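Okay, so here's the structure we're looking at.
Throughout, numbering of the chain's residues begins at 1 and tracks the sequence. Predicted model only: the values in this text are computed from it and were never measured. Computation of the quantities below employed the complete heavy-atom set of this structure, encompassing side-chain atoms and omitting hydrogens, waters and symmetry-equivalent molecules. Each ligand, and each atom within it, is numbered from 1 in the order the structure gives.
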Amino acid sequence: MPSERVEVTEAMELTADLAIGVFDSGVGGLTVLDELLAQLPAEDFLYFGDTAWFPYGEKTDAQLRERTGEIAGWLLDQGVKLIVVACNTATAAAAGHLQRILDVPVIGVMTPEAHAAVLTTRNRRVGLLATEATVRSGSYERMIRAHDAGVEVTSVPCPRLAPAIQAGEAFDDGIVEMVREYCAPLRDAQVDTVILGCTHYPMIERLLRRQLPGVTLISSGEELAREVGESLRRRGMLRPAGREGDYRFACSGDPGAFRELGSRFLQMPLGAVERVLAGAPEPA
Ligand code: DGL
């Protein structure tokens with residue numbers, strides 16, 4: 001992992017015609033990519049799913065900083081003009097670190113949801129569903145309180161949820177029970193707004209809605225895609241409209257499993273998925 005600032009501008013000038021790099025521990029970041037593809041159709045995208053290292057929710061901050069540094073290095077080698085950390089766990093642990101060491105803009109997923117939740121709640125009770133690492137980091141609470149110190153936040157770690165979604169498990173009674181259990185503390189706290197603080201969770205939004213009737217669910221894709229577009233426009237790096245952008249996928253684990261699950265969720269063909277280790281094959 002680079003321990004000092006990585007000078008990308010020397011090796012390659014950042015221009016509009018480069019792709020946007022997006023990564024997550026698995027298929028969850030596709031919920032973010034989906035919005036990026038819709039809002040920025042002229043852009044090219046390179047998506048990396050770190051499936052050999054999944055789940056990030058059980059890793060330490062130090063492991064995640066090192067790993068995401070390796071992934072960012074690979075994305076930069078491929079030629080990207082901006083990196084989207086499409087994973088809440090990686091954003092909480094490492095986005096600040098990546099912003100410090102890289103010369104390309106790095107945009108993470110937490111700030112837009114925290115802001116949207118504060119703007120949305122009427123009773124100033126906000127719930128959070130996220131991985132253990134994200135809840136432990138306290139990042140959402142800090143961001144919410146920076147906007148409104150009077151908002152009460154109820155955070156629920158959901159260690160089994162992202163792994164069930166990533167494994168492509170059927171929507172059976174088991175997953176319904178799991179969702180019911182994780183939503184119970186939020187119902188007890190009478191929150192009126194819930195942040196889906198893991199990019200995997202919008203994939204089961206219907207199940208969550210049923211357990212949280214009348215509650216507004218906030219996820220990252222839409223706001224984040226707007227921020228990416230604005231960031232590129234202000235820097236003069238936005239592709240002009242009128243072309244159809246390209247996309248390609250890579251993952252560190254089984255490309256066949258990624259392609260199958262990914263095309264099911266994204267509802268579009270993924271094409272050939274390349275297997276890329278981007279450093280260590282799996283955590284030590
Ligand atoms: N998609 C990742 C996130 O947003 C979580 C899954 C994991 O534990 O790797 O936090």
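- The environment of CD in E177 is crowded: more than 12 heavy-atom neighbours from other residues, nucleotides or ligands sit within 6.0 Å.
- Looking only at side-chain heavy atoms (C-beta outward), L238 and L40 come within less than 4.5 Å of each other.
- Looking only at side-chain heavy atoms (C-beta outward), V104 and L82 stay at 4.5 Å or farther from each other.
- In terms of polar-atom proximity, defined here as any N/O pair under 3.5 Å, G197 makes no such contact with ligand 1.
- R234 has its side chain out of reach of P105: every pair of non-hydrogen atoms, C-beta onward, lies at least 4.5 Å apart.
- Annotation: atom 5 (C) of ligand 1 to nearest protein heavy atom, C198 SG, 3.4 Å.
- A 6.0 Å sphere centred on CD of E260 holds no more than 12 heavy atoms belonging to other residues, nucleotides or ligands.
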Please test D17 against R243 for salt bridge (Lys or Arg N to Asp or Glu O under 4.0 Å), starting from the C-alpha separation and ending with a verdict. CA-CA 11 Å; D17 58 350; R243 76 185 283 271; over 6 Å; no
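- Atoms of ligand 1 lying under 4.0 Å from at least one heavy atom of F54, given by number and element, are 6 (C), 7 (C), 9 (O).
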Yes or no on salt bridge (Lys or Arg N to Asp or Glu O under 4.0 Å) for K59 and E66, after CA distance, side-chain angles and deciding distance? CA-CA 11 Å; K59 308 288 180 293; E66 179 161 354; over 6 Å; no
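- The distance criterion of under 3.5 Å between nitrogen or oxygen atoms is met by T89 with respect to ligand 1.
- In the vicinity of D24, heavy-atom distances shorter than 4.0 Å reach the ligand 1 atoms 1 (N), 2 (C).
- Annotation: atom 2 (C) of ligand 1 to nearest protein heavy atom, C87 SG, 3.3 Å.
- Within ligand 1, the atoms closer than 4.0 Å to a non-hydrogen atom of A162 are 6 (C), numbered from 1 in the order shown.
- Nearest protein heavy-atom neighbour of atom 8 (O) of ligand 1: G57 N, 2.8 Å.
- Residue contacts with ligand 1, taken as heavy atom pairs separated by less than 4.0 Å, involve N88 via backbone and side-chain atoms alike.
- Looking at atom 6 (C) of ligand 1, its nearest protein heavy atom turns out to be S25 OG, 3.5 Å.
- The contact set between ligand 1 and T131, taken as ligand atoms under 4.0 Å from a residue heavy atom, comprises 5 (C), 8 (O), 10 (O).
- Between F258 and S252 there is no side-chain heavy-atom pair separated by less than 4.5 Å.
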